[in-house]
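In this text, all values refer to a predicted model and were calculated from it rather than measured experimentally.
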Amino acid sequence: MIDKVLAYILACCNNNEFDQTTVTNLSENLKVSRSQVSVVLNKLVKENKLVRIESKPFCFISVEYLKKKGISFKAYVYESLDELLSNQEKKDFEKLVGVNHSLLQTVKQCKATISYPPSGLPMLLYGPTGTGKSLIAKLTYEWARNHAIIAKDGQFVQVNCSEYANNPELLTANLFGHVKGAFTGAEKDNEGLIALADNGVLFLDEVHELKAECQEKLFLFMDQGIYHRVGDNEKWYKSNVRIVFATTEDPGKVLLKTLMRRIPMTIMIPSLEERGTQERIELLYYLFHQEEERLNCQIKMSNKVYNVLLQSKMPGNIGQLKSSVQSCCINSLFDKVDDELVIHLNHLPQELLQQVYKSKKAVLDDDEYIFIDDLQGYYNGTKEIIQLNENLLESYRKYRDEHMTLSSFMKAEKNYVQKYFDSLIFRKKESSQIDYYNRGIQHIFDLIESRYGLKITNNETLAIASYLDEIHHEYHDLRSWFLKHEEECEDLYQLLQEEFFRATKVSLEICTYLKSYLEMDIYSIIVCVFIFYVYNDKKDSRLTQKAAVILAHGFSTASSIADAANRFLGQYIFDALDMPLYVDTNAMIEKLNLYLDRIGKVKELYLLVDMGSLEDIYKGLNIENANIGILNNVSTPIALEIGNGIRNHVEMEDLLKNTIDAFNISFTYHLEKNKLKQPVILCSCASGLGTAQKLKLMLEQSFPDGINLDVKTLNYSELIELGKKNNVFEEYDVLCVVGTLDPNMEDIPFVGIEDLIIEDTFGDFNQYFKDYMDEEQLNQFDKNILHNFSLSNLMNTLIILNPTKLLEQVANALDVLQKYLGIRFSNRTSFGLYVHICCLIERLVVSRMGEYKPSLDFLREHKDFVEYVKKAFKPVEDFYGVEIPTEEIIYIFNYVALTLQNLYN
């Protein structure tokens, strides 16, 4: 598979067909599912064998091709193909690590401020020491010059104000210039730095070191662009200069308020810790790569060194990281062998070694080595939070395409979320931001617990806080990913809202608190993560089909009863609607209907009300196909009794009666039975779910206009295993099962595909629809069935294989099988087998089905039949490169059982 992918991409690159290397084209040409292709491609990018181009749709370039063509590249992920092939030197902000991630907003603010009409505005860069403020100021200047915002000859003039902390007069003279004789030593005129920076940028670093009188001398120039030189108070000078300030101190405490008013934009520069792991790895690559070029050698470091540099606290931020990298190279320089420099733990600077010995964590790491070039693959790989989202959508696609049951889907999704949260707990990163989130989460879950009885441990609180921190750090990548997948995320959210309204309601409340309390943007995929986290797959899923609401007059009467009941029951059972004391029935109905719209479909609705006048409200409810039970004079004990019955799945009518009897008080209840099952045709084929889906489509196309009949599909093995216990039989009135093999279900008619192909038998199919179609519609249905279910039409539903060729091969194989058996199949049996086996072959080719567990009894009792089938179908298997599993041979045997009955008696 990997070799095929690499060969295909290399061939496309050699032909300059770069647009053919997308996931879709690879999937179609290699006859492999998209998900499998995606996994292989991501693996090859991480292994530095492919370069990913992220302009839509993603395409992939062979590293072998690039090396053969002599195209140099420094990364394995590029924004566009032009960026890779042109290999231009990066300009201004492109050089900045994190320009599209943690520093995206910073860069936007710098660009906007420097270019603000007509001559830009002053800006203040504020952040801890070593965070790159000087570099950002320089790149802001370069960007402005490259975009003709300032003149090409405009200069970047940098002044470190700390050098003049004890000599403000000298700073004034150097900034504004001076005339000859202005002070002792002024032997000639000096234009000053402001004049030098005319039409350029003046960068005043460590501005907090400026004395108040120096700050004041800047006011006039900042307001009007004019100034006096020292010693010349008569002549005015002008300079069109943009000023950038920088400080490590709180500006509000160290700068005059009058100066701060003249600086409209203060730009926060994040610390190294706040910029996340991916950017720290990228910085490590960048800094070590500089040393490789300087020393003209290849550098590798032990895994221990890598982890220390990646995880250690760096109060000096990027400046300290750069110093640490250089220190490692210096300490290991004389241990260099040939052109390779190897960095071990003992080469680390002393302050980092002390952290190692204190924690003893890195010492336990494996003795493996990492080459500097390998780091590119580390930070260009898929981030963990993005991978989580990808996994969630991948499972959703499998469910949506009916390859998974709902319970399996939820189990898989919850597993992904749990593993991710476990990973966050294991990493246990510490920061002030996580502490802040942690306090917020604790406060939010205190509120949630009282309402829904949802308790979380300290570790879980930390995991959620760390998840929020990941969202904060990877916000820009997360936002980009969400915008690409917004439609699918919304579809996933709608599914969860419809099927799991309880978990959805709790999660929405959590996210509402997060949005207001922590001021976070919440995307639908984040809500979905919390739904999977909250969802308890160990509790009986039947609870999700029921809703229980307490309605009572008063400010919080209903809420108090619901909270108390949920807490005592240890489970979220009741919702509450508090009604004003004086409100009419229409207002109550409107409020209840809003609630019902939010919770989606339910089978049973319990309404516990506080007075008899509310009993009639069910008549105005917008709810269909659900039983409604109403009990008046609600109280906490009554709610507990009902809640316990709901939890134990007591039938609604029995529960209401038992509650009345248990309390032996004059209560009344009302039961409104609206549970009307919608009629459906069920398609289920031993040939696979794909065949059932094709049948579903053809049946739907056969219905005359205006017919309100639904068609559902169900996995055949699930139908056999659970029978009428499947949810579809509880939810719908199944009129008949259509498929390739009779599941032999009591009271449920079966219609084989062959019955729909043969004209003289499919008419019996109509008897199941007399209550839903008039005579004219039934006649039209007959004609449509005759047209749509011809053998050629059925065969043309094959997606991958040539239907004519496949049908010919299967027909020949069946002829051989009949000769071996010494019997002749009826036309009805032959037609059914044609469809069943053709669909089976395609399914084997497309999905390469997993291992079956052969029936030993069948193999022993019908050894000859198995051998005959294998011999007859060997040409078909060899041609398509598949093997018909023994389980499928059992299906074929059962299919022709009546024909074979005399043979095996």
Side-chain angles (χ1 to χ4, degrees), residues 46-48 51 63 66-67 70-78 84 87-92 94-99 129-132 134-136 138-139 142 272 275 277-356 362-363 365-381:
K46 288 180 180 178
E47 292 176 355
N48 302 337
V51 172
V63 167
L66 294 173
K67 289 180 177 178
I71 300 172
S72 60
F73 59 99
K74 295 182 178 180
Y76 289 87
V77 178
Y78 284 84
L84 168 63
N87 198 26
Q88 294 177 349
E89 276 297 315
K90 290 183 177 180
K91 295 188 295 186
D92 49 72
E94 293 173 359
K95 305 172 189 174
L96 192 61
V97 172
V99 64
T129 183
T131 49
S134 299
L135 176 62
I136 290 171
K138 182 71 182 296
L139 296 179
E142 289 182 12
L272 177 60
R275 291 179 59 173
T277 303
Q278 295 289 321
E279 287 185 19
R280 192 155 176 165
I281 298 172
E282 190 172 355
L283 284 165
L284 278 175
Y285 167 76
Y286 174 75
L287 295 170
F288 270 116
H289 187 64
Q290 282 185 322
E291 301 309 312
E292 281 187 325
E293 292 184 340
R294 183 181 302 177
L295 299 172
N296 193 27
C297 69
Q298 189 176 44
I299 297 175
K300 70 178 182 179
M301 68 184 105
S302 72
N303 199 39
K304 299 172 185 178
V305 172
Y306 170 71
N307 280 320
V308 171
L309 292 173
L310 192 63
Q311 298 172 11
S312 295
K313 293 183 179 180
M314 301 257 180
N317 295 289
I318 300 171
Q320 184 178 349
L321 184 64
K322 180 177 181 179
S323 174
S324 299
V325 166
Q326 290 179 333
S327 180
C328 288
C329 294
I330 293 169
N331 291 335
S332 60
L333 185 60
F334 289 104
D335 296 329
K336 185 172 72 167
V337 178
D338 297 327
D339 291 329
E340 188 174 270
L341 192 69
V342 184
I343 299 173
H344 295 284
L345 203 63
N346 61 302
H347 295 136
L348 287 167
Q350 193 62 35
E351 63 269 21
L352 293 186
L353 276 175
Q354 288 176 354
Q355 289 189 43
V356 172
V363 181
D365 293 331
D366 296 334
D367 287 324
E368 295 177 358
Y369 290 91
I370 298 170
F371 285 93
I372 299 308
D373 286 345
D374 292 341
L375 295 179
Q376 292 182 88
Y378 290 15
Y379 66 78
N380 283 327

Legend entry - Nearest atoms (heavy-atom pairs only) where Gln311 meets Arg280: C-NH2, 4.3 Å

Legend entry - Any Leu333 side-chain heavy atom under 4.5 Å of Leu295 side chain: yes

Legend entry - Considering all heavy atoms, the nearest Asp339-Cys297 contact: O-CB, 3.3 Å

Inset, instruction - Could you tell me the separation between the CG atom of Leu309 and the CE atom of Met301, rounded to the nearest 0.5 Å? - result: 6.5 Å

Inset, instruction - With side chain to side chain contact (heavy atoms under 4.5 Å, CB included) as the test, would you mind laying out the steps for Lys67 and Val63 before giving the verdict? - result: CA-CA 6 Å; Lys67 289 180 177 178; Val63 167; 3.6 Å; yes

Inset, instruction - May I ask you to test the Leu272-Gln320 pair for a side-chain heavy-atom distance under 4.5 Å? - result: no

Legend entry - Neighbour count >12 (heavy atoms, 6.0 Å) for atom CG, Asn296: no

Legend entry - Taking every non-hydrogen atom, the tightest pair across Ile299 and Ile343: CG2-CD1, 3.8 Å

Legend entry - Minimum side-chain heavy-atom gap Arg275-Ile318 below 4.5 Å: yes

Legend entry - Glu94 CD to Glu142 CD distance, which is reported to the nearest 0.5 Å: 11.0 Å

Inset, instruction - Before giving the answer on side chain to side chain contact (heavy atoms under 4.5 Å, CB included), spell out for Val308 and Leu345 the whole-Å C-alpha distance, their side-chain angles and the decisive distance to 0.1 Å. - result: CA-CA 9 Å; Val308 171; Leu345 203 63; 4.1 Å; yes

Legend entry - Shortest non-hydrogen contact from Tyr306 toward Leu375: CE1-CD2, 3.6 Å

Legend entry - Any side-chain donor near an acceptor of the partner, Gln290 and Tyr286, under 3.5 Å: yes

Inset, instruction - Of all the heavy-atom pairs spanning Leu353 and Leu348, show the shortest one and how long it is. - result: CD1-O, 3.7 Å

Legend entry - Reported CG-to-NZ distance for the pair Asp338 and Lys336, which is rounded to 0.5 angstrom: 9.0 Å

Inset, instruction - Without swapping roles, check the side chain of Ser323 against the backbone of Gly319 for a donor-acceptor pair under 3.5 Å. - result: no

Inset, instruction - Give the intermediate values and the outcome of side chain to side chain contact (heavy atoms under 4.5 Å, CB included) for residues Val305 and His347. - result: CA-CA 9 Å; Val305 172; His347 295 136; over 6 Å; no

Inset, instruction - Please answer whether the main-chain N or O of Pro315 pairs with a side-chain N or O of Asn317 as donor and acceptor at a distance below 3.5 Å. - result: yes

Inset, instruction - Walk me through it: do Asp335 and His344 pass the test side chain to side chain donor-acceptor pair (under 3.5 Å)? - result: CA-CA 10 Å; Asp335 296 329; His344 295 284; over 6 Å; no

Legend entry - Distance (rounded to the nearest 0.5 Å) between Phe288 CZ and Arg294 CZ: 12.5 Å

Legend entry - Approximate separation, where rounding is to 0.5 Å, of Leu96 CG and Lys138 NZ: 13.5 Å

Legend entry - Separation between CG of Asn346 and SG of Cys328, rounded to the nearest 0.5 Å: 10.0 Å

Legend entry - Met314 vs Leu352 side-chain heavy atoms within contact, under 4.5 Å: yes

Legend entry - Neighbour count >12 (heavy atoms, 6.0 Å) for atom NZ, Lys300: yes

